[in-house]
Each structure stands twice: as structure tokens, then as C-alpha cells.
Amino acid sequence: MNNTEQIKKSLNKRYRKEKRFRFLSLLAVLIGFACLLILLVDMVIKAWPAFIQTEVKLDIHFSQEKLGLATNFDPEELQNANFRGLIKQSLQQLFPMVRKRSDKRALMRLISVDAEYRLRDKLQAEPQLLGQTVPIWLLVDDDVDTYLKSDKQFGRVSQEQIAWITELEQQERFQKRFNYWFFQTGDSREPELAGILGAVIGSFYTLLVTLLLSFPIGVMAAVYLEEFAPRNRWIDFIEVNINNLAAVPSIVFGLLGLAVFINFFGLPRSAPLVGGIVLALMTLPTIIIASRSAIKAVSPSMREAALGLGASKIQVAFHHVVPLAMPGILTGTIIGLAQALGETAPLLMIGMVAFIVDIPQGATDAATVLPVQIYLWADSPERAFVAKTAAAILVLLLFLTVMNGLAVWLRKKFERRW
Amino acid sequence: MNVSTLLVTLVALALFSYVFGKQRALSIAKHNRRSLHSIPSYYGYMTALWCGLPALLLLFLWLLFETIVIEQLLIASLPADIQSLPSGQLSLVLNDLKLLATPDLMDSTEQTKLEAVKYLLSMQEMSNSLRTVLVLILALAGAAWGFSRVIGKTPARLLVEKVVLFFLILSSTVAILTTIGIILSLLFESIRFFGEIPPQDFLFGTEWSPQTALRSDQVGSSGSFGAIPLFLGTLLISSIAMLVAVPIGLMSAIYLSEYASPAFRSVAKPVLEILAGVPTVVYGFFAALSVAPFIRYWGEMIGLDVASESALATGLVMGIMIIPFISSLSDDVISVVPQTLRDGSYSLGVTQSETIRLVVIPAALPGIIGGILLAFSRAIGETMIVVMAAGLSANLTVNPLEAVTTVTVQIVTLLTGDQEFDSAKTLAAFALAIMLFISTLILNIIALYIVRKYREEYE
């Protein structure tokens with residue numbers, strides 16, 4: 001057997017190996033895709049219950065006597081009137097058999113604690129309802145909601161409660177509707193009342209501070225480094241610093257914020273202001289690096305033409321180079337902000353984990369942000385919060401998709417080759 | 001006037017100064033076109049800068065030192081027995097007073113505190129009005145001075161450009177200031193920590209239970225700060241992550257750069273990079289609520305005892321997060337390998353996969369290793385996934401089915417609870433952070449050095 005034959009014999013084996021290698025590498029790409037797909041599908045499946053909220057129809061008799069109001073009462077007194085009693089009365093009429101105190105309490109627990117405030121708002125809006133009996137849709141408690149959604153496989157409702165729920169179901173007193181409440185309120189200890197508006201507004205203020213700080217500083221630093229800086233050790237040192245900052249763990253920035261801005265300068269804890277400053281320091285490297293490459297891409301002939309017409313170096317930079325590089329700079333900025341929007345760890349360090357119900361009114365109010373809200377809800381024991389968490393994740397991912405889509409669109413639309 | 005209204009007023013004043021300065025320059029130019037050194041708008045900018053800059057600087061300094069000065073004055077006004085309290089208790093008293101110092105809480109305040117609170121409120125009010133008055137006076141004076149300088153021979157453009165250049169230089173030093181800030185704040189608190197706990201106990205101790213007791217006679221009151229279990233836990237989880245990410249990331253990079261059609265590549269690359277854009281808190285939720293229960297379920301099916309916060313689940317999900325880092329970094333270095341090397345190999349009758357394994361990868365190896373080191377430093381610094389999915393109690397083990405804790409988890413748990421800032425417990429977080437900072441820094445420097453060295457070889 002000569003050499004040629006030997007090689008021919010081994011060829012088949014080598015081709016098989018070739019195919020196997022190629023298949024394995026394709027498999028790796030597909031595994032990556034699969035991970036992404038599983039992640040997204042898992043979130044969507046977990047999130048859907050949060051977008052639907054169950055309500056129960058109760059016939060509420062707005063009796064003046066039950067509310068504890070005198071005949072000529074002051075409208076102010078409505079604030080503290082006994083609306084809970086109305087719900088109790090209505091439930092009593094539905095289930096006259098329930099007598100024991102503990103059972104009555106269990107019965108009341110079917111309804112969300114928020115229901116009495118809804119009744120109060122309703123009566124304040126329509127005072128003519130006083131003395132009448134009207135059917136009103138009220139939120140059910142999160143345990144009941146979960147029970148109804150999870151095909152009756154949920155342990156936190158008792159046998160009696162299940163009986164009552166079945167009874168209510170037979171009377172067709174339940175309705176499911178889109179949970180717009182989720183987008184209109186701040187955080188709450190009660191899952192059925194918790195919303196993400198507070199976190200979204202907090203994220204907005206935080207990102208606003210980040211943008212106002214990191215964009216001008218980042219662009220100016222990039223302009224200096226590309227257009228003015230002499231080539232020396234000092235500038236090399238700055239560059240090494242920027243590259244290293246890009247790789248510093250985010251939690252370390254949080255400790256910086258805690259030690260410097262909160263403990264040393266006495267800025268308010270939990271405020272979007274401090275969060276924004278910390279995130280601005282984190283996004284700076286991203287913006288500087290992106291802006292530098294955008295500035296570098298501007299053709300030297302532009303600069304030479306401007307200089308030739310008598311422009312000063314500063315004029316060249318700000319009248320010609322920066323406007324031409326702006327699409328690239330904006331793309332980098334948006335990507336940097338998208339990273340900042342998803343960042344959690346440094347914000348935990350500066351106290352943005354506080355439980356905050358109110359919707360923040362400004363950058364110095366205590367606030368939380370979307371990713372931190374996700375972290376807080378993921379830690380909550382109530383099962384209904386799992387869906388809320390996944391729903392908040394979907395909202396966060398939606399924002400990120402929009403921002404990154406904007407960046408891609410900007411790049412495509414204004415990309416210019418010299 | 002509060003700070004934001006003051007800022008808005010300042011901006012408005014600066015705008016007016018711009019308009020007036022420019023107008024004046026224009027009127028000079030009307031008489032004699034060549035008498036001006038610069039274009040009129042530069043005189044406007046100059047006036048605006050004179051109006052805005054000194055006032056802003058004053059405002060900034062005022063805000064910086066306001067709280068500290070007021071606090072000192074407040075302490076000085078307090079009775080002597082409170083003044084002599086240790087600093088921790090004193091800061092509690094101060095915080096208490098600050099919380100009380102809102103108009104609607106005044107009624108409910110105890111008589112003893114009332115005086116101090118009133119004093120604090122009056123000082124805050126005075127500081128506020130003094131600040132407003134001084135800043136506005138400085139702004140107006142600056143504007144007037146700038147306006148008086150709008151004469152033909154003032155080199156307005158040069159002045160403005162000098163200021164602009166100064167700000168450019170200042171911005172470029174922010175990165176350095178941040179690094180210095182990080183190092184100083186970590187170092188300062190760590191030194192205080194090592195004053196209480198000897199460094200060798202921290203670095204080589206195997207017992208981590210940072211509870212410091214409220215009373216000195218309580219059990220375990222000393223707290224032990226041996227960080228070895230944390231380092232080991234961090235290494236275990238990141239190693240699992242690398243075991244997942246390196247093969248998948250590297251093989252994807254090979255497929256995308258060597259086999260894939262341009263069309264497939266242009267779709268697949270961004271899709272894989274989405275994995276890097278997903279916030280880590282999402283991965284944390286995924287690890288804690290989906291992957292960990294899944295692994296636990298299958299572990300029990302085959303008779304293994306899996307902790308519900310197993311290192312395996314955490315590492316697995318972290319690995320998924322790291323895949324795009326490895327694949328895009330490797331992709332970059334693989335595409336730098338010159339085509340001539342491949343062509344030479346093909347001409348000898350070598351198949352494509354053999355070329356990749358025997359020629360391309362060895363040529364790209366330094367760059368790939370650099371990328372892996374970068375990804376590893378990302379893994380050890382990763383916080384949210386481990387905070388949500390890894391354990392809290394230190395556990396000296398290398399069994400991936402058990403729960404371990406990591407450096408970042410401990411930093412978060414030590415600092416998010418309610419405790420005074422000076423205890424060894426909170427200071428320990430800074431000591432851990434400095435270890436983290438140093439190790440990621442070293443990894444990065446090595447990685448960047450390798451990558452740069454390798455690039456030069458082929459360019």
C-alpha cells in the first residue's frame with residue numbers, strides 16, 4: 001500500500017471529522033440562541049398573570065347608618081367612615097351561613113384591603129349613591145387571584161375559602177380584566193396593588209441625571225483626547241484609566257458612591273441624584289470610547305478645509321468635527337444609558353432598595369428604579385409577586401429594546417463613510 | 001429660593017448677558033468694523049461666562065460645605081453632655097434632629113429638642129437666603145464686569161477658547177478622579193477595618209460569620225472575618241460559568257467567523273449579543289426561580305441532594321451571560337488572523353476544521369486567552385446573579401451542588417442592612433471590595449497587555 005492509498009483511506013475519516021467539527025460549532029451558536037429563547041419565553045409565561053386582574057362583583061348598600069354618619073354630615077367625615085363595614089355587610093348577605101368570627105375574617109380576606117378606599121372614592125365622586133344599593137366591581141386578594149389563575153392548585157386558600165370562591169364563581173361574580181393598575185401606582189406590600197409607575201419614574205430621573213452629567217463630560221473628554229491632547233505619558237495614563245474603569249465591577253462604583261457622595265458630601269440617600277451620578281461615572285467610559293471612535297472616523301480633510309479657511313482649532317472641533325460625529329456619539333450615549341438603565345448593584349449600595357410607595361417628584365426624593373424593583377419583588381415571599389417581577393422584567397426589556405433599536409436606527413440612518 | 005430655581009435663574013441671567021454683550025459688540029462694530037478683535041458672538045459668550053462661571057462655582061462650593069458647616073455649628077450649640085458623646089451616638093442625635101426639622105413635625109417635638117431643631121431650621125433658612133443673595137450678586141457683578149470688558153481690543157475669542165479648553169482638559173481627568181476616588185474610599189475604610197481585624201485573619205481565615213453582637217457578653221460576639229470561603233465560593237461559581245461559556249462562546253465564534261455565510265453572521269452576531277445586553281437582575285431572577293428549581297428537581301430524580309441555591313445553577317446562568325463576551329472577543333481576534341495563513345494551510349491539502357484547529361486557533365490563542373481573562377474578571381465581579389441565586393452563609397466546599405456565597409454577595413448583605421457605618425461589619429465590605437478591585441484590575445491589565453501585544457504581531 002503506497003502513500004496515496006493511505007491518504008485516500010484516511011480521507012473519509014478526516015471528512016467525517018470536518019463535518020462533526022462544523023456541526024459542533026453550529027450547535028454552539030444554536031445553544032446560545034436557545035438560551036435567549038428559553039429566557040424570554042420563561043419570562044413571558046411567568047409574567048402573563050400579572051397583566052390580568054380578577055375582580056369580584058359585590059352589591060354594596062351605601063347605608064348612612066352603617067357608615068357611621070349622622071344625617072347632616074360634613075363631607076370631610078367620609079374620609080374616616082366605616083366603608084369596610086359595607087363590604088362586610090354585602091358579604092354577609094351573600095353568605096348568611098357564615099357566623100363564626102374567624103370565618104367572617106377569612107371571608108373578608110377574599111377581598112383586597114384596597115376595596116374600602118375604592119368605595120370611598122366612589123362615594124366621594126358620586127354622593128347621590130348614598131342610601132342606594134349598587135353592584136360594584138372590587139379587587140380580590142392576591143391569594144384568591146392566584147388561586148383562580150393557577151387552575152385551583154394553590155395552597156394558601158383554605159377549604160372554606162375555596163367553597164366560597166366556588167359559590168361566587170357559580171353566581172358569575174368574578175371578572176378578569178387587563179391590569180391597568182399595574183402601570184399607574186407605586187410599590188405596595190399587597191401584590192394586587194403593587195405597580196411599577198414609581199420605579200419607572202425613579203428610573204427616568206436617575207437616567208436624566210446620568211445623561212446630563214455623562215453626555216457633556218464624555219463628549220468633551222473625547223474631543224480633548226482626539227483633537228487636542230499631546231501624545232505623552234499623561235495622556236496614555238488617562239487612556240489606561242478609562243479602559244480600566246470600563247472593566248471595574250459595578251458594585252465597586254456603588255461603594256464609591258456610598259463613601260464619597262453620601263458619607264462625605266452628605267447627599268441624600270436613596271435619591272435618583274446620587275444614583276444618577278454613580279451611573280454617570282459608570283457610563284462615562286462607554287461614551288468616551290464610542291465618541292472617540294466617532295470623532296476619529298471624521299475625515300481629516302474636513303478639518304484641513306476648515307483650518308484652511310481660518311477657523312481656530314476649537315472652532316474646527318465644535319463647528320465641524322462634533323456635528324459630523326454626532327450620530328456615532330449619540331449611538332454610544334444611548335447604549336451607555338441602556339446599560340445604566342439595567343444596572344442594579346451600585347444602586348443597592350446607595351440605599352435605593354428602600355420600600356417606597358410614593359411616586360418620586362424630583363431627583364432628590366427617595367426613589368427606586370426598575371431593576372431594583374425587580375430585585376425587591378423577586379425577594380418577596382408572596383407567590384403573586386413572581387408574576388409581578390416577570391412583568392416588570394418585560395417592561396424593562398421593552399425599554400431596553402426601544403433604546404437599543406433607536407441606537408441601531410441612528411447608526412444605520414446617519415452612517416457615513418468617508 | 002431652592003437650588004433648582006437658582007440654577008434656572010443663573011442660566012437666564014447668562015443668556016441675557018450673552019445677548020447684551022453681543023449687542024454691545026455689534027454697536028461697536030457698526031462704527032468701525034475693524035475695531036473688534038473677535039466676532040461679536042464671542043463677546044456675548046465672554047459676558048455670559050463672566051456672569052455664570054464664578055456664580056456657579058460659588059454655588060457648588062456652598063452646597064459642598066453647607067451641611068458640614070451647619071452640622072458643626074449645631075454641635076457647638078448643643079449642651080455639653082451631648083457634645084461629649086462618642087461620635088456614633090452623636091451622629092444619631094444629629095440625624096434625629098435633622099429628621100425633626102420639618103415644619104409639620106415641629107408640634108410633636110419634645111421640649112428639649114425643640115431649641116436645637118429651631119436653631120437648625122433658622123440656620124438652614126439663613127444659609128438658603130444667604131446663598132441665593134450671594135450667588136445672584138456674584139452673577140450680576142460678573143455680568144457687569146464682563147460687559148465692561150466688551151471693548152474692541154479685548155481678545156474675546158482667545159479668552160473663551162481658553163475657558164473651553166480648560167473644561168475639555170477637566171473632563172478628560174474625570175476618569176482619573178474616579179479611579180482615585182475609588183482607590184481612596186476603598187483604601188481608607190479598609191485600613192480602618194484592618195485596624196480592628198488583622199489582615200492575616202482576613203486573608204487566610206476559614207471562618208466567615210460577620211455578626212457583631214449588640215452586647216459584649218453575647219455568643220459569637222467577636223464575629224469572625226476569614227474570607228477564604230468567600231474567595232473559594234467566588235472561584236467555584238466563576239469557574240462553572242467559564243466551563244459553560246468558554247466552549248460555547250469559542251465554538252460560536254469559530255462558526256461565525258469561519259463557516260457562517262455573511263447573511264447568517266449579520267443576524268446571529270447581534271442576536272447573541274442580546275444575551276450581554278440583558279440586565280443581570282433578569283438573569284438573577286431566571287437563575288433563582290427557573291434554573292435552580294429545575295436542577296434541584298432533576299438532581300432529586302437521579303438521587304442527588306441539590307441545594308436550592310446551588311452553585312451549579314448560579315454558575316450556569318452566569319455562563320450564559322458570559323457567552324457573548326467570549327464569542328465577540330474571540331471573533332475579533334480570529335478575524336485578525338491573516339488569510340495567508342489559512343491559504344497556506346489549504347494549499348497543503350489540510351481540511352478547514354484542521355486548519356482552524358492547527359493554524360487559526362494557535363495563531364489567535366493569545367488574544368483568545370486575553371478575552372477569557374476579561375470574561376473571568378467580569379464573572380468574579382458580577383453581583384446581581386449571585387445575590388439573587390447564590391447562598392448567604394459561607395460554606396467551605398467545592399461541591400457545585402451545595403450553596404456557596406461569594407465576595408459580592410457579602411458586600412451587598414453587609415451594606416444593605418440597617419447598621420451604623422463604623423462597625424467592623426460594614427468596614428469588612430470595603431475590605432472585600434478592595435480585594436475584588438485589585439483582582440479584577442490585575443486580570444484586566446494582563447488581558448489588555450496580551451491582547452495588545454498580539455494585535456501588534458499581525459498589524
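FYI, side chains are in, hydrogens and waters are out, and symmetry mates aren't considered; it's all heavy atoms of this structure. Naming: A, B, ... by sequence-line order, numbering from 1 per chain. Since the model is a prediction, treat every value here as computed from it, not as a measurement.
Expressed to the nearest 0.5 Å, how far OH of A:Tyr375 lies from OG1 of B:Thr416 amounts to 5.5 Å. B:Ser172 OG to A:Ile242 CD1: the interatomic distance, rounded to the nearest 0.5 Å, is 7.5 Å. Atom CG of A:Leu24 sits about 5.0 Å away from atom CE of B:Met251, to the nearest 0.5 Å. Residue A:Gln315 holds its CD atom at 5.5 Å from CD1 of B:Ile39, rounded to the nearest 0.5 Å. Distance OH/B:Tyr255 to CG/A:Leu30: 8.0 Å, rounded to 0.5 Å. From B:Thr178, atom OG1 reaches atom CG of A:Asn244 across 12.5 Å, with rounding to the nearest 0.5 Å.
Within a 6.0 Å radius of OH in B:Tyr45, other residues, nucleotides and ligands contribute 12 heavy atoms or fewer. Other residues, nucleotides and ligands contribute more than 12 heavy atoms inside 6.0 Å of the CZ atom of A:Phe355.
Neither the backbone nor the side chain of B:Phe65 comes within less than 4.5 Å of any heavy atom in chain A. If you measure heavy-atom distances from A:Ala392 to chain B, you find no contacts under 4.5 Å at all. With a 4.5 angstrom heavy-atom cutoff, A:Leu281 touches chain B only via side-chain atoms. Within the 4.5 angstrom heavy-atom criterion, atoms from both the backbone and the side chain of A:Leu255 approach chain B. Looking at B:Val282, both its backbone and its side chain come within 4.5 Å of chain A, counting heavy atoms on both sides. For A:Trp234, the part lying under 4.5 angstrom from a heavy atom of chain B is the side chain only. If you measure heavy-atom distances from A:Leu36 to chain B, the contacts under 4.5 Å come from both the backbone and the side chain. Only the side chain of B:Leu448 comes within contact range of chain A, with at least one heavy atom under 4.5 Å from a heavy atom of that chain. Interface remark: A:Val372 contributes no atoms to any contact with chain B (heavy atom separation under 4.5 Å). Proximity to chain B (any heavy atom under 4.5 Å) is shown, for A:Lys313, by neither the backbone nor the side chain. Interface remark: B:Leu443 contributes no atoms to any contact with chain A (heavy atom separation under 4.5 Å). Looking at B:Leu63, neither its backbone nor its side chain comes within 4.5 Å of chain A, counting heavy atoms on both sides. Contacts of A:Ala340 with chain B are absent, with no heavy-atom separation under 4.5 Å from either backbone or side chain. For a residue to count as touching a neighbouring chain, one of its non-hydrogen atoms must lie under 4.5 Å from one of that chain's; by this rule A:Ile238 touches chain B with backbone and side chain alike. Looking at A:Leu39, both its backbone and its side chain come within 4.5 Å of chain B, counting heavy atoms on both sides. Proximity to chain B (any heavy atom under 4.5 Å) is restricted, for A:Leu284, to the side chain, taken from C-beta onward. Looking at B:Leu374, neither its backbone nor its side chain comes within 4.5 Å of chain A, counting heavy atoms on both sides. Within the 4.5 angstrom heavy-atom criterion, only backbone atoms of A:Phe264 (N, CA, C, O) approach chain B. Only the side chain of B:Phe264 has a heavy atom closer than 4.5 Å to any heavy atom of chain A.
Taking each heavy atom of B:Val350 and A:Arg14 in turn, the nearest pair found is CA-NH2, 3.8 Å. The minimum heavy-atom distance between B:Ser171 and A:Met220, with the atom names listed, is OG-CE, 3.2 Å. Across all non-hydrogen atoms, the minimal contact from A:Thr344 to B:Met384 is CB-CG, 3.5 Å. The minimum heavy-atom distance linking A:Lys46 with B:Leu289 is given by the pair NZ-O, 3.8 Å. Residue B:Ser185 comes nearest to A:Ala259 through the heavy atom pair CB-CB, 3.5 Å, listed as atom of the first residue, atom of the second, then distance. Heavy-atom minimum distance, A:Val29 versus B:Ala268: CG1-CB, 4.5 Å.
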Might you work through the side chain to side chain contact (heavy atoms under 4.5 Å, CB included) test for B:Phe285 and A:Val386, ending with a clear yes or no? CA-CA 9 Å; B:Phe285 178 73; A:Val386 173; 4.1 Å; yes
Taking it one step at a time, do B:Tyr259 and A:Leu26 satisfy side chain to side chain contact (heavy atoms under 4.5 Å, CB included)? CA-CA 9 Å; B:Tyr259 288 116; A:Leu26 178 62; over 6 Å; no
Verdict with supporting geometry, A:Leu258 and B:Phe430, side chain to side chain contact (heavy atoms under 4.5 Å, CB included): CA-CA 11 Å; A:Leu258 176 65; B:Phe430 286 87; 4.1 Å; yes
Could you please spell out the steps behind the side chain to side chain contact (heavy atoms under 4.5 Å, CB included) verdict for A:Ile38 and B:Phe286? CA-CA 10 Å; A:Ile38 292 171; B:Phe286 184 58; 4.0 Å; yes
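For B:Phe325, there are no ring pair (Phe, Tyr, Trp, His ring centres under 6.0 Å) partners at least two apart in sequence or on another chain.
Between chain A and the options B:Val291, B:Ile248, B:Ile176, the largest number of non-hydrogen pairs under 4.5 Å is found for B:Ile176. The choice from B:Gly181, B:Gly249, B:Ser290 that makes the most heavy-atom pairs within less than 4.5 Å of chain A is B:Ser290. If you tally non-hydrogen atom pairs under 4.5 Å between each of B:Leu441, B:Ile254, B:Ile411 and chain A, the highest count goes to B:Ile411. Counting heavy-atom pairs closer than 4.5 Å to chain A, the top residue among B:Arg378, B:Glu354, B:Glu382, B:Met388 is B:Glu354.
By the 4.5 Å heavy-atom criterion applied to side chains, B:Val160 and A:Ile314 are not counted as neighbours. When side chains are defined from C-beta on, B:Val164 counts as touching A:Phe318, because their heavy atoms get closer than 4.5 Å. The shortest side-chain heavy-atom distance between A:Leu245 and B:Ile182 falls under the 4.5 Å cut-off.
A donor-acceptor pair is defined here as one N or O able to donate and one able to accept, closer than 3.5 Å; such a pair exists between the side chain of A:Glu18 and the backbone of B:Gln352.
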Taking only distance into account, with no hydrogens and no angle test, what donor-acceptor pairs under 3.5 Å do side-chain atoms of residues 271-281 of chain B form with protein atoms, sequence neighbours excluded?
none

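Judged by distance alone, the side chains of A:Lys17 and B:Thr351 never bring a donor and an acceptor atom under 3.5 Å apart.
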